J.: 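Handing you this structure, nothing more for now.
All of these numbers come straight from a predicted model, not from anything done at the bench.
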Number of protein chains: 2
Amino acid sequence: MSRSSQREDHLKALYALGESQPSSWVSTTQMASHLGVKPPSVTAMVQVLAELGWAEHRPYHGARLTPTGRKLALSLVRKHRLWETFLVARLGFGWEEVHDIAEQLEHVDSVELVKRLDAYLGHPQSDPHGDPIPKADGTFHPEGEVFVLAELNPLVRCEVKAVREGSDATLSAMSAKGIALGSVLMPSQIEALPAAWLEQLMVCKTVDDGSAD
Amino acid sequence: MSRSSQREDHLKALYALGESQPSSWVSTTQMASHLGVKPPSVTAMVQVLAELGWAEHRPYHGARLTPTGRKLALSLVRKHRLWETFLVARLGFGWEEVHDIAEQLEHVDSVELVKRLDAYLGHPQSDPHGDPIPKADGTFHPEGEVFVLAELNPLVRCEVKAVREGSDATLSAMSAKGIALGSVLMPSQIEALPAAWLEQLMVCKTVDDGSAD
DNA sequence: CAAGATTTTTAGCTGCGCCTAAAAATGGAA
DNA sequence: TTCCATTTTTAGGCGCAGCTAAAAATCTTG
Ligand SMILES: [Mn+2]
Ligand SMILES: [Mn+2]
Ligand SMILES: [Mn+2]
Ligand SMILES: [Mn+2]
């Protein structure tokens, strides 16, 4: 794949880490651990991104995306999630198998390809992990009320809407326990879940519709 | 894509050029012009391939694949042609649009992906250009009698079986003139074809089945 | 607030894949 | 067969993306 797939991965990391915390300034150390490289490598790359106009770098404070960089990052996230959807919905992969493959496919450069893939998949709004797929213009479909299962208190019936990134083994284990997007969890089941899962499962409350199921 | 996609492209060039000529020894100049790089770059790469046990290099004479290298090259050709088939058969691309995209997709590294893609496409035996798709074990389905249209003498009714690599523009022009795989060409039509096309179109003779068409 | 601990950047290095220019080998013509 | 033109390799250099070690800045803590 092209020489700049590293740049693209740094851009994605900057986006992902910036979104998931109050301040959008991301430290090079954070990015380094996310990407599996050493902090000096990130510093160098962030300086390149800054020269390209895709990021701002405040030395010793952190980096964050410019509007242009954010658009690019969103188009990468879009590609990643469309490919994951293809792999699961069309090729029959399990949700725990697709991340690493999509990590490669997302760097294939062809606007037309993304357009056609999106249409082929029926313009999906979320990927196999429940994460929303940004639209071509970089906006998202409005999302429902979703929060991390660990914050559910008191325990009530709820529905799995998404799974946060974790190890492939964890995702396999969840599948094995019958947990998938759309699964309904009862308080008793939730108590039996490994503690770590409570931090990964994103749910919304569901009203009992009266069906026995 | 991984750092070694350059190695993979050199391997493919070595395969393609070696197959298309009597001696399987390929000169670095040939490879350089095929790949769009300068001869010294090819020399360096060929030396790397030799160290990896994928090619033999006889200095000042040329290079050729080892059995191991040939297997690897065939698996790349397989991936390339499966992706081209996917792009045309599933995403609706034209046959002139898919080469460059497949040139990227072929470097995605996942054995399982190729397996599932092949099954999803119904184990196709040839790609959108009529080129045979190597099987997973590196063998080909037996091919029919096919030759280049320029060698057809005298002119008789024949059927288009494949198109040799050429510019995307040429492929578009052929489509526009109604030429596709399976097209039947009559002597009068053949005479009207641009001379260059005669070197690219691979055909076999067809008996007139009596239908008026 | 000053000193030490921690984080981050800079400096300097490596391997990869490309380049140009120069040297070496090959092969064809006189 | 010898010399010259052509092909090919070697030499030396560049940009990218990673690394470690050292320097610089920031944060923490007494
Ligand atoms: Mn990636
Ligand atoms: Mn996902
Ligand atoms: Mn390629
Ligand atoms: Mn093809």
Side-chain angles (χ1 to χ4, degrees), chain A residues 1-14 17-18 21-65 69 72-73 76 103-104 106-107 109, chain B residues 1-14 17-18 21-65 69 72-73 76 103-104 106-107 109:
Chain A
M1 202 122 307
S2 90
R3 191 59 105 265
S4 72
S5 64
Q6 303 315 308
R7 301 217 245 261
E8 294 186 340
D9 281 339
H10 279 74
L11 213 56
K12 270 204 320 169
L14 209 38
L17 296 169
Q21 60 185 21
S23 156
S24 60
W25 291 98
V26 179
S27 78
T28 50
T29 309
Q30 261 183 300
M31 288 182 66
S33 98
H34 187 86
L35 290 162
V37 299
K38 301 292 174 183
S41 309
V42 172
T43 302
M45 186 61 83
V46 156
Q47 289 167 346
V48 169
L49 297 183
E51 274 166 34
L52 290 167
W54 297 348
E56 271 178 277
H57 181 216
R58 281 187 52 201
Y60 293 101
H61 285 84
R64 76 174 167 190
L65 294 175
L72 286 171
L76 287 163
E103 200 60 47
Q104 299 180 61
E106 70 191 355
H107 302 292
D109 181 29
Chain B
M1 199 127 304
S2 90
R3 189 59 104 271
S4 73
S5 64
Q6 302 317 308
R7 301 218 248 259
E8 293 185 341
D9 282 338
H10 279 74
L11 214 57
K12 270 205 319 170
L14 209 38
L17 296 170
Q21 60 185 22
S23 156
S24 59
W25 291 100
V26 178
S27 78
T28 49
T29 309
Q30 262 183 301
M31 289 182 66
S33 97
H34 187 85
L35 291 162
V37 299
K38 301 292 175 184
S41 308
V42 173
T43 301
M45 186 61 82
V46 156
Q47 289 167 346
V48 170
L49 298 183
E51 275 168 33
L52 290 166
W54 297 348
E56 272 178 275
H57 182 214
R58 282 187 52 202
Y60 293 102
H61 285 85
R64 76 175 168 189
L65 294 174
L72 287 171
L76 288 164
E103 200 60 45
Q104 299 179 60
E106 70 192 355
H107 302 292
D109 181 28

J.: Can you check the L11(A) CG to dA17(D) C1' distance for me, whole Å?
T.: 16 Å

J.: Would you say a side-chain N or O of S41(B) is under 4.0 Å from OP1 or OP2 of dG17(C)?
T.: no

J.: Nearest-Å distance, NZ (K38(A)) to C1' (dT14(C))?
T.: 16 Å

J.: OP1 or OP2 of dC16(C) versus the side-chain N and O atoms of Q6(B): is any pair under 4.0 Å?
T.: no

J.: To the nearest Å, give me how far apart CE (M45(B)) and P (dT10(D)) are.
T.: 16 Å

J.: Round to a whole Å and report the spacing from NE2 of H57(B) to C1' of dA25(C).
T.: 12 Å

J.: Between dT10(D), dC19(D), dT10(C), which one does the side chain of Q47(A) approach most closely?
T.: dT10(C)

J.: Counting C-beta onward and ignoring hydrogens, is there a side-chain heavy-atom pair between R7(B) and L52(B) closer than 4.5 Å?
T.: yes

J.: Any non-hydrogen side-chain atom of L49(A) less than 4.5 Å from a side-chain atom of H57(A)?
T.: no

J.: Do you know which of T43(A), V37(A), L14(A) makes side-chain contact (heavy atoms from CB on, under 4.5 Å) with M31(A)?
T.: L14(A)

J.: Looking at dC18(C), dT10(D), dT9(C), which one has an atom nearest to any side-chain atom of V37(B)?
T.: dC18(C)

J.: Within this structure, what is the CZ-to-P distance between R58(A) and dA25(D), rounded to whole angstrom?
T.: 15 Å

J.: Please tell me which of the listed nucleotides, dA24(C), dT10(D), dT9(C), lies nearest to the side chain of T43(B)?
T.: dT10(D)

J.: Please check the phosphate of dG17(C) (OP1 and OP2 only) for any side-chain N or O of H10(B) closer than 4.0 Å.
T.: no

J.: What is the distance, rounded to the nearest whole Å, between atom NE2 of H61(B) and atom C1' of dA25(C)?
T.: 9 Å

J.: Return the value, rounded to whole Å, for the distance between atom CD of E8(B) and atom C1' of dC16(C).
T.: 15 Å

J.: Check whether any side-chain heavy atom of D9(A) lies under 4.5 Å from a side-chain heavy atom of E106(A), and answer yes or no.
T.: yes

J.: Identify, between P40(A) and S27(B), the residue whose nearest nucleotide on DNA chain D lies closer to the 5' end.
T.: S27(B)

J.: Reckon T28(A) has a side-chain N or O less than 4.0 Å from the OP1 or OP2 of dT7(C)?
T.: no

J.: Quick one: Q30(B) CD to dT7(D) C1', roughly how many Å, whole number?
T.: 12 Å

J.: With respect to W54(B), which candidate in V46(B), L65(B), L72(B) satisfies the side-chain contact (heavy atoms from CB on, under 4.5 Å) definition?
T.: L72(B)

J.: Using the side-chain heavy atoms of Y60(B), tell me which of these nucleotides is nearest: dT26(C), dT20(D), dA11(D).
T.: dT26(C)

